[in-house]
Amino acid sequence: MARFRLHELLEEMPVGKRPSLLRLSQRTGLSYTTVHGIHTNRARRVDLDTLEALARELGCAPGELIGKGKRG
């Protein structure tokens, strides 16, 4: 099962350069609810434009925002 890696990518950033979820939503033009849903892995459907906007702001590739989930 796929999961989003936004939380991990933000944690890897230096504290002074790590945007808050609110700031990230403002800079990308995405709603806070969307960004929060991806951050907490509660979002179930995210379109490529959304991933591209986040990736552009974070300086990564859209595919880096998606990873494999843990087996339960």
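These numbers come from the heavy atoms of this one structure, side chains and all, not from hydrogens, waters or symmetry mates.
- The stretch residues 4-16 participates, sequence neighbours left out, in these side-chain hydrogen bond (donor to acceptor under 3.5 Å, both in side chains) pairs: R3-E8, H7-H39.
- Nearest heavy-atom pair, A55 versus P62, reported as atom, atom and distance to 0.1 Å: CB-N, 3.6 Å.
- Contacts of T33 classified as side chain to side chain contact (heavy atoms under 4.5 Å, CB included), with partners at least two apart in sequence or in another chain: S31.
- T28 contributes a side-chain N or O that, together with a main-chain N or O of L24, makes up a donor-acceptor pair within less than 3.5 Å.
- Residue pairs meeting the side-chain hydrogen bond (donor to acceptor under 3.5 Å, both in side chains) criterion with at least one member in residues 45-66, sequence neighbours excluded: R27-E57, D47-T50.
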Begin from the C-alpha positions of V46 and T34 and carry the test side-chain contact (heavy atoms from CB on, under 4.5 Å) through to its verdict. CA-CA 9 Å; V46 177; T34 297; 5.7 Å; no
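- Around CZ of R23, the count of heavy atoms belonging to other residues, nucleotides or ligands within 6.0 Å does not exceed 12.
- L54 contributes atom CG, which lies 10.0 Å from atom CG of L9 (distance to the nearest 0.5 angstrom).
- Here the straight-line distance linking atom CZ of F4 with atom CG of L65 works out to 8.5 Å at 0.5 Å rounding.
- In this structure, CD1 on I38 lies 7.0 Å from CG on L30, to the nearest 0.5 angstrom.
- In terms of heavy-atom proximity, Y32 sits nearest to L21 at CE1-CB, 3.6 Å.
- Separating the CG atom in L51 from the CG atom in L58 is a distance of 11.0 Å, to the nearest 0.5 Å.
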